[in-house]
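To keep things clear, I will list the structure first and then write my remarks on it.
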Amino acid sequence: MDLAMESMAASIGVSVAVLRFLLCFAATIPVSFLWRFVPGRFAKNLYAALSGVLLSYLSFGFSSNLHFWVPMLLGYASMVLFRRHCGIITFFLGFGYLIGCHVYYMSGDAWKEGGIDATGALMVLTLKVISCAINYNDGMKKEEELSETQKKNRLIKLPSIIEYFGYCLCCGSHFAGPVYEMKDYLDWTERKGIWSPSEKGLSPSPYGATLRALLQAAFCMGLYLYLVPQFPLSRFTDPLYQEWGFWKRLGYQYMSGFTARWKYYFIWSLSEASIIISGLGFSGWTESSPPKPKWDRAKNVDILGVELAKSSVQLPLVWNIQVSTWLRHYVYERLVQKGKKPGFFQLLATQTVSAVWHGLYPGYIIFFVQSALMIAGSRVIYRWQQAIPPKMSLFKNILVLFNFAYTLLVLNYSCVGFMVLSLHETLASYGSVYYVGTIIPIALILLSYVIKPAKAARPKSRKDE
């Protein structure tokens, strides 16, 4: 068996550990499909918990489940014993334990070299545990103190221990997300809300959407395997790279970022297929006639939205969508004081939390600080664009094109830090293109204090921003 695994792993160019993970990850699709036919709420929760434990054991070994139990039990204990403060307690305990695991395992080095461990699954679990505790905390508050999203997701009563374990370890999302709310999970297992059989009188078929996600995953993996040998990360420390001209080095940075993204597209597409086929990915019906089912709850990336983004502000809406949504609801919005508008502090704090969630490598920290600068610079361009009167449409279109080119440049420059991780390699790669992706956003932000356009007549749309 071991020889067969080694032979199979060698044939596709991955380690045995990664192959084991991929096989278990692919197994979430049939396991999630069978979840549809498990009768009764208790049995569904038990099935979700046990299948997650089993696949984690087969993929990462026995110790992985021990790591998962720590934040789960800490979170549940805080909800039982300290409801009034369980959200903030679980936030710091959950992130504290995750950071400890990041430091101990230094998973980024293993991931960069093609290895795998349970830290990625622990990252997803940490967000679930924290959101559950915060929503239970919100259940004590008056409605006028809560936003519409907080009202929708709050938990009035404590979930049972088996409901909680099922939510945390549900195998469809346990390995790589997407993150979703406890309230949605409970409604699905109890066949309530949009999952009620009486809703529209229809029962949506998941098979077409599942097939689309699988075909997308196959395409993404094929393209990644084709591109990755041509654009290795080791090239950034190769003397040959330093001999290239500026534009060739900048082009290589773009292609390295472009190549790396297809690995994530593959993982998220496969995870999307698993959640869709279970039925949990269903997010409602369209207004068309006849109505069509939507499966956005499982969607974690819009590939064309990332690659053709007109503005950096759009990127959190189309990349790692569910984690971006989590950060917005549980960090960004909760840092805004009542009656005040969010600013650069909330953006930087949110990006810092995202960086710590990924790990403590300098490359992660630098990337997410860069992301905050990138988004702030893109907002400046957008404000200038909106201030141009309609009769000067040519100048407006030039700014639209400039924002697109700016996003393309700064994104792929910034993500080198996310890929190489070390401080030396990050600064060397940035320095090789004269820190252009750092200087331009800072220059735009400073310039915005000099060129202050009047407010646009019409309200801005978040997606167009």
Side-chain angles (χ1 to χ4, degrees), residues 20-62 64-73 75-76 79 118 120-122 124-129 131-132 135 155 157-197 203-207 209-210 213-214 270-283 293 295 297-298 300 322:
R20 189 182 297 113
F21 167 78
L22 290 174
L23 291 174
C24 291
F25 193 32
T28 64
I29 296 174
V31 171
S32 295
F33 174 70
L34 294 175
W35 191 24
R36 299 172 64 89
F37 305 102
V38 176
R41 184 176 63 185
F42 178 84
K44 282 183 181 293
N45 288 311
L46 185 62
Y47 179 83
L50 292 180
S51 60
V53 167
L54 177 61
L55 289 178
S56 294
Y57 169 73
L58 293 175
S59 181
F60 306 121
F62 178 74
S64 67
N65 286 310
L66 296 180
H67 284 302
F68 300 148
W69 286 111
V70 174
M72 286 196 301
L73 293 176
Y76 200 79
M79 290 192 290
L122 183 62
V124 176
L125 177 67
T126 299
L127 300 188
K128 286 184 177 181
V129 166
S131 64
C132 182
N135 289 326
L155 300 169
K157 69 173 189 174
L158 181 70
S160 71
I161 192 73
I162 191 62
E163 289 171 336
Y164 179 73
F165 288 163
Y167 165 71
C168 290
L169 297 170
C170 167
C171 69
S173 68
H174 181 42
F175 285 137
V179 177
Y180 49 84
E181 301 292 348
M182 168 63 94
K183 185 70 164 51
D184 292 332
Y185 174 81
L186 293 175
D187 284 350
W188 185 83
T189 56
E190 297 171 19
R191 306 290 286 169
K192 291 181 179 178
I194 60 172
W195 290 279
S196 171
S203 179
S205 169
Y207 305 119
T210 301
L214 287 173
L270 206 60
S271 186
E272 183 179 345
S274 178
I275 293 294
I276 288 173
I277 203 167
S278 73
L280 183 56
F282 178 59
S283 57
W295 302 94
R297 194 181 314 282
N300 227 3
Q322 305 306 331

If the condition is side chain to side chain donor-acceptor pair (under 3.5 Å), which residues does Thr189 pass it with, not counting sequence neighbours? none
Over 60° means perpendicular and under 30° means parallel, so classify the ring planes of Phe175 and Phe60, tilted if in between. perpendicular
Does some side-chain heavy atom of Ile276 sit less than 4.5 Å from a side-chain heavy atom of Tyr207? no
I'd like to check Ser271 versus Pro178 (side-chain heavy atoms, cut-off strictly below 4.5 Å). Are they in contact? yes
Please enumerate all residues that pass ring-ring contact (aromatic ring centres under 6.0 Å, His included) together with Phe37, with sequence neighbours excluded. Phe33
Taking C-beta and beyond as the side chain, do Cys132 and Tyr167 meet within less than 4.5 Å on heavy atoms? yes
Could you go step by step and tell me if Leu155 and Met182 meet the side-chain contact (heavy atoms from CB on, under 4.5 Å) rule? CA-CA 8 Å; Leu155 300 169; Met182 168 63 94; 3.8 Å; yes
About how many Å separate CG of Asn300 and CD1 of Ile275, when rounded to the nearest 0.5 Å? 10.0 Å
Salt bridge (charged side-chain N to carboxylate O under 4.0 Å, His left out): which pairs involve residues 178-187, sequence neighbours left out? Lys152-Asp184, Lys183-Asp187, Asp184-Arg297
Does the ring centre of Tyr180 sit less than 6.0 Å away from the ring centre of Trp188? no
Between Asn65 and Ser56, what is the shortest heavy-atom contact and its length? OD1-CB, 3.6 Å
So, using side chain to side chain donor-acceptor pair (under 3.5 Å) as the criterion, who are the partners of Tyr185 when residues are at least two apart? Asn45
Once side-chain contact (heavy atoms from CB on, under 4.5 Å) is applied, do any residues pair with Val31, and if so which ones, sequence neighbours excluded? Tyr47, Ser51, Leu55, Cys171
For Ser32 against Ile277, the heavy-atom pair lying closest together: CB-CG2, 4.1 Å
Heavy-atom closest contact (Gly166 atom, Ala48 atom, distance): O-CB, 3.7 Å
Please name the pair of heavy atoms, one in Cys168 and one in Met72, separated by the smallest distance, quoted to 0.1 Å. CB-SD, 3.3 Å
How far apart are the C-alpha atoms of Trp195 and Leu280, what are their side-chain angles, what is the distance that settles it, and do they pass the side-chain contact (heavy atoms from CB on, under 4.5 Å) test? CA-CA 9 Å; Trp195 290 279; Leu280 183 56; 4.1 Å; yes
Within-4.5 Å side-chain heavy-atom neighbours: Trp295 and Pro206: yes
Nearest heavy-atom contact between Gly177 and Val124 is N-CG2, 3.6 Å
Side chain to side chain donor-acceptor pair (under 3.5 Å) involving Ser160 - partner list, sequence neighbours excluded: Glu163
Thr28: what forms a side chain to side chain donor-acceptor pair (under 3.5 Å) with it, not counting sequence neighbours? Ser274
Could you tell me the separation between the NZ atom of Lys192 and the CG atom of Leu186, rounded to the nearest 0.5 Å? 8.0 Å
Does Leu158 have any side-chain contact (heavy atoms from CB on, under 4.5 Å) partners at least two apart in sequence or in another chain, and if so, which? Tyr76, Met79, Val80, Tyr136
Give a yes or no answer on whether the side chain of Ser196 reaches the backbone of Gly193 with a donor-acceptor pair at less than 3.5 Å. no
Listing request: all salt bridge (charged side-chain N to carboxylate O under 4.0 Å, His left out) pairs with a residue in residues 38-56, at least two apart in sequence or in separate chains. Arg41-Glu190
To the nearest 0.5 angstrom, please state how far the CZ atom of Phe21 sits from the OG atom of Ser59. 6.0 Å
Give me each pair satisfying salt bridge (charged side-chain N to carboxylate O under 4.0 Å, His left out) with a member in residues 27-38, each pair once, sequence neighbours excluded. none
To the nearest 0.5 Å, atom CG of Leu169 lies from atom CG of Leu125 at 6.5 Å
Results of side-chain contact (heavy atoms from CB on, under 4.5 Å) for Thr126 - residues two or more places apart only: Leu98, Leu122, Ile130
Phe68: what forms a ring-ring contact (aromatic ring centres under 6.0 Å, His included) with it, not counting sequence neighbours? His174
